[in-house]
Amino acid sequence: MKNRLLSKRLQNISYSQTLAMSNKAIKLKNKGYDIINLSLGEPNFSPPNFILNDAKKAIDEGSYHYYTPVSGYLELREVICKKFYRDNGLKYIPSQIVVSTGGKQSIMNVLLSLLNPKDEVIIPAPYWVSYYQMVKLCEAIPIIIPTIMEKNFKINPKKLEESITKKTKLFILNTPCNPTGSVYSYKELKNLVEIFKRYPKIIILSDEIYEHICYSVKHTSIAIFPDIYDRVITLNGLSKAFSMTGWRIGYIGAPEWISKSCEKIQGQITSCANSIAQRAAISALNASPIEIEYMIKKFKKRRNLVLDMMKEIPEFQIINKPNGSFYVFPKVSDLFGKKFYGKIIRNSEDLSSFFLEKAQVSTVSGSAFGDNEYLRISYATTEDKIVEALTRIKKSIKII
């Protein structure tokens, strides 16, 4: 009876599997189990001190305790415009910027602004878990383009064009990518843009939340190409590069007709983002990316550690080298059909549950990201925990 009272759109989506696995890990840890959580994309660093000090100052001053404009402080939107130009070569004005309560709200604002029932949204897979569910929540249709590890989990122009129909409204790009760590080059993006030029009604949402977490490659914003600039929404935020997940600040730069639509929706749902967090964002985005270089160097060291340790786990196949974000996405299907403690592992969800129960390591199944043959492992934690976690995983597999 209760389910019949719930909306169909709610019943049409599932819970976030990354958060679900993290919650399971937390519950087990609270019961006294020694759980190592490699499921959540949350850096273990504290935000830089200059950001914390500015936030404290804002609290003490007393002038930042009140509602801000729905789209964010004008000063913050001006700083975001400067950041876009400095880091990405993109020219925006404050009226094209909307600051929201995290990147998730920024994305949902865009989708609610653009999508009608039965519109099609192209999403390369593997994809971040929430894209698929958010599109379904809008009663639109996710159109998935599968990719393979051998091609570094990237789509090509041919596959893109084959997925386009008269119903295609939006394309979601994520580079650097969660969960694969793949980063599209300037040339690769340029080739995709050649396809988009033929379809002027398709809008591109470019999620660049991991832009600063790149190793040996340079991040490129797809909006840099003039032919499509006026239909690209560039998404970013403070959660990953500045280790400010709980501060909940995301933002977009977009054509003004889209930014104003997002502002309209946000005004009816949450109004402004947290005022103190906005003050901290001004400090963070005014700073040179050099200020967070120490985090990036540590992430790169952890990535190399994970890749080296996985060479000792033959059941984990990983032939690509992730060049961004802080995840690895090994193929684990060689373990499917094998029996562990009397239970057959049939898919990545079974395997993830096994590692949590027997190795006390929390990971996320590849099925959550659109490819059941893989497993996502986050290395956003300390090196000693990474070593211990992968050692436990290796030992748990040896019981076969």
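Predicted model only: the values in this text are computed from it and were never measured.
- Taking NZ of K169 as the reference point, atom CD1 of I203 lies at 6.0 Å (rounded to 0.5 Å).
- Under the side-chain contact (heavy atoms from CB on, under 4.5 Å) criterion, K151 pairs with I148, sequence neighbours left out.
- Under the rule for a side-chain contact (heavy atoms from CB on, under 4.5 Å), the partners of S325 that lie at least two apart in sequence or sit in another chain are Y210, Y327.
- Taking the ring-ring contact (aromatic ring centres under 6.0 Å, His included) definition, one finds that W247 meets it with nothing, sequence neighbours left out.
- Between the E161 side chain and the K158 main chain, no donor and acceptor come within less than 3.5 Å of each other.
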**Prompt:** What do the steps show when you test S259 against E256 for side chain to side chain donor-acceptor pair (under 3.5 Å), and what is the final call?
**Reply:** CA-CA 5 Å; S259 66; E256 194 163 321; 5.7 Å; no

In a table with atom names and distances, give each donor-acceptor pair under 3.5 Å that connects a side chain of residues 65-76 to protein atoms at least two apart or in another chain.
residue	atom	partner	partner atom	Å
H65	NE2	I59	O	3.2
T68	OG1	Q278	NE2	3.0
S71	OG	R77	NE	3.4

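- Between atom CG of residue L137 and atom CG of residue L111 there is a gap of 9.0 Å, rounded to the nearest 0.5 Å.
- Considering only residues two or more places apart in sequence or on other chains, Y186 meets the ring-ring contact (aromatic ring centres under 6.0 Å, His included) condition with F225.
- Listed by first then second residue, pairs satisfying salt bridge (Lys or Arg N to Asp or Glu O under 4.0 Å) with a partner in residues 37-48 number zero, not counting sequence neighbours.
- Distance OG/S271 to CD/Q266: 8.0 Å, rounded to 0.5 Å.
- If you look at F354 and F340, their ring centroids are closer than 6.0 Å.
- The structure places CD of E383 at 6.5 Å from CZ of R302, a figure rounded to the nearest 0.5 Å.
- The residues K394 and E312 are annotated as salt-bridged, a charged nitrogen and a carboxylate oxygen being separated by less than 4.0 angstrom.
- Every residue meeting the ring-ring contact (aromatic ring centres under 6.0 Å, His included) condition with Y374, not counting sequence neighbours, appears here in chain and number order: F153, F329.
- Once rounded to the nearest 0.5 Å, the distance linking CD of E373 with NZ of K331 reads 4.5 Å.
- Taking a 6.0 Å sphere around NZ of K136, one finds it holds more than 12 heavy atoms contributed by other residues, nucleotides or ligands.
- In this structure, the side-chain contact (heavy atoms from CB on, under 4.5 Å) partners of Q11, at least two apart in sequence or on a different chain, are N3, L6.
- Using a distance-only test at 3.5 Å, with no hydrogens or angles considered, no donor-acceptor pair links the side chain of D54 to the main chain of S283.
- Atom OG of S261 and atom CG of L114 lie 7.5 Å apart (nearest 0.5 Å).
- E78 and K82 are not joined by a salt bridge, as no carboxylate oxygen comes within less than 4.0 angstrom of a charged side-chain nitrogen.
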Distance-only donor-acceptor pairs under 3.5 Å for side chains of residues 231-242, two or more places apart:
residue	atom	partner	partner atom	Å
R231	NH1	Y199	O	3.0
R231	NH1	I202	O	2.7
R231	NH2	F196	O	2.5
T234	OG1	Y92	OH	3.0
N236	ND2	E208	O	3.2
N236	ND2	E211	OE2	2.8
S239	OG	R248	NH1	3.4
K240	NZ	G41	O	2.6

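- Counting only residues at least two apart or in different chains, ring-ring contact (aromatic ring centres under 6.0 Å, His included) contacts with residues 276-302 comprise F45-F299, F299-F326.
- Partners of S353 by side chain to side chain donor-acceptor pair (under 3.5 Å), not counting sequence neighbours: none found.
- Salt-bridge annotation for K260 and E263: present, with a side-chain N of the basic residue lying under 4.0 Å from a carboxylate O of the acidic one.
- E61 is linked by a side-chain contact (heavy atoms from CB on, under 4.5 Å) to K57, S63, Y64, counting only residues two or more places apart in sequence or in another chain.
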